[in-house]
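Indexing begins at 1, ligand by ligand and atom by atom, following the structure's order.
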Amino acid sequence: MIKYLGSKRLLVPTICSMAVAAGARTAVDLFTGTTRVAQALKRAGIFVTASDLASYSQVFSDTYIATDAEQVNLGELRDAIARLNALPGKAGYFTQTFCVDANFLQPKNGERVDAIRDAIEDLRASWMYPVLLTSLVEAADRVDSTTGMQMAYLKHWAPRSFNDLELRVPELIGGPGATVPGDAMEVVDALPNVDVMYLDPPYNQHRYFTNYHIWETLVRWDDPPAYGIARKRADARDEANKSVFNRKREMPAALASLIARAKAEMLLVSYNDEAWISAEQMLGFLSDAGFEEVRMLAFDNPRYVGAQIGIHNLKGQKVGSVSHLRNLEYIFIAGPKDKVEAAAAAAAQPAIAAAANPAPSTT
Ligand SMILES: C[S@@+](CC[C@H](N)C(=O)[O-])C[C@H]1O[C@@H](n2cnc3c(N)ncnc32)[C@H](O)[C@@H]1O
């Protein structure tokens, strides 16, 4: 799975045990990102619908959630990946933009990305199309030269970037599932009623469209004009590619509206203490939405890798230090009292703080 800001790697077992303990048979992962959480829920036998604004997330969801491993020809997939791995490199837009004008991948790997991505385009009508794209994004991520975000690359090539790009067969999961791509503010009304909805929105200024612009371009394959040292897509400046969750003043009302409109018996909401809204506000949004019981569990986790290595300028020089290297991750649980209690009891990691049924918010 790719390196991803806000990925819930450490919390996945907890979130999954909570949904299972609450007896969930259907679930929505509304800001699915890497699809980690959706994958765990699907593996637990839950019918999952995954959604996100990002093009690459749609492709990951089509691969891991909407493709049923028991219904596809895995031999055909293995053969296709072997053929793609054998293609010679061919420099194109990707190599020039991200490996010559910038140093995100070594040019030898950029040339292979160009050749393989062109060949995948010829398979657009095949069931394998999203699976091969996922395999390519994951392969490129394994040889990149970043800290896990694409606003900048490392001054000196990362050791892994010297490795040869190699596609692997994604570990597909058996069983049905669905992808509903798009903006959560619109998608939420079109989704089916489910037992559990998991919400993990951005809570601050970090934009996924710019932080993962290379994966966006690799999936769209549309060679847009690029700007700045990171060669970001020019359309990153378009309003259509901005999320309300990255706007400090608008985000609280958007989240409150989303929670009120979510069609689910139970909500699980991820949140951390770097968010623009307070934990009290979040508890208020959930109470205002009419849930019988609302609880908050807190978990102490390391921060993302970019924070661990400090603040650097574009020449790779350390220009500052981060204020703290751990942060609190919260999971809010809202729903019928018995199910909320079962979910809270199932939290796999020890929660370090809890609060129940706070006063309604005034926002
Ligand atoms: C914190 S990340 C989710 C991480 C995910 N739970 C995981 O473990 O990989 C937030 C996600 O919200 C998506 N996003 C941002 N604004 C959105 C919007 N308005 N509608 C839908 N998704 C959005 C981003 O693309 C990103 O994948």
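- Given atom 15 (C) of ligand 1, the protein heavy atom at minimum distance is P202 CG, 3.4 Å.
- For the residue pair T95 / E111, no side-chain donor-acceptor distance below 3.5 Å is found, with atom types taken as modelled.
- Below 4.0 Å from some heavy atom of T32 lie the following atoms of ligand 1, by number and element: 5 (C), 7 (C), 9 (O).
- For atom 14 (N) of ligand 1, the nearest non-hydrogen atom from the set F31, Y4, Y212 belongs to F31.
- For the 3.5 Å distance criterion, the side chains of S243 and R207 fail to qualify, holding no donor opposite an acceptor.
- Taking every non-hydrogen atom of S7 and a distance limit under 4.0 Å, the qualifying atoms of ligand 1 come out as 7 (C), 8 (O), 9 (O).
- At a threshold of 4.0 Å, the pair K108-D164 counts as salt-bridged, since one of the basic side-chain nitrogens sits closer than that to a carboxylate oxygen.
- Taking a cut-off of under 4.0 Å to the non-hydrogen atoms of G6, the atoms of ligand 1 that pass are 1 (C), 4 (C).
- Between K8 and ligand 1, an N or O atom pair is found at a separation short of 3.5 Å.
- Looking at ligand 1, you won't find any N or O of Y56 less than 3.5 Å from one of its N or O atoms.
- Between M1 and R36, the closest heavy-atom pair is SD-CG, 2.9 Å.
- Residue-ligand proximity, G33 to ligand 1, at heavy-atom distances under 4.0 Å covers atoms 9 (O), 27 (O).
- Separation of the Y4 and Y208 ring centroids falls under the 6.0 Å cut-off.
- Under a 4.0 angstrom heavy-atom cut-off, S51 registers as lying outside contact with ligand 1.
- Within ligand 1, counting atoms from 1 as listed, the ones closer than 4.0 Å to a heavy atom of D200 are 1 (C), 2 (S), 3 (C), 4 (C), 5 (C), 6 (N), 10 (C).
- Close contacts of ligand 1 with F245, meaning ligand atoms under 4.0 Å from a residue heavy atom, involve 19 (N).
- The distance from ligand 1 to the heavy atoms of D183 drops below 4.0 Å at these ligand atoms: 18 (C), 19 (N), 20 (N).
- Taking atom 16 (N) of ligand 1 as the reference point, the nearest protein heavy-atom neighbour is S243 OG, 2.7 Å.
- Ring geometry, W221 versus F94: the interplanar angle falls from 30° to 60°, so the pair is classed tilted.
- With hydrogens left out, the protein atom closest to atom 7 (C) of ligand 1 is T34 OG1, 3.5 Å, a heavy atom.
- With ligand atoms numbered from 1 in the order given, ligand 1 contributes 18 (C), 20 (N), 21 (C) to contacts under 4.0 Å with heavy atoms of A184.
- For the residues V244, D52, L53, the heavy atom positioned nearest atom 25 (O) of ligand 1 is part of D52.
- Considering backbone and side-chain atoms together, D29 places no N or O closer than 3.5 Å to any N or O of ligand 1.
- Judged purely by atom type and a 3.5 angstrom limit, K337 has no side-chain atom pairing as donor or acceptor with the backbone of E292.
- Taking the six-membered ring where the residue is Trp, the centroids of Y203 and F245 are separated by 6.0 Å or more.
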task: Could you please spell out the steps behind the side-chain contact (heavy atoms from CB on, under 4.5 Å) verdict for K263 and M197?
output: CA-CA 8 Å; K263 289 177 281 181; M197 187 179 291; 5.5 Å; no
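- Below 30°, between 30° and 60°, or above 60°: for Y330 and Y271 the angle between ring planes is between 30° and 60°, a tilted geometry.
- We find that R168 and E138 are not joined by a salt bridge, their nearest charged nitrogen and carboxylate oxygen being 4.0 Å or further apart.
- When F60, Y203, Y208 are checked for heavy-atom proximity to atom 1 (C) of ligand 1, Y208 turns out nearest.
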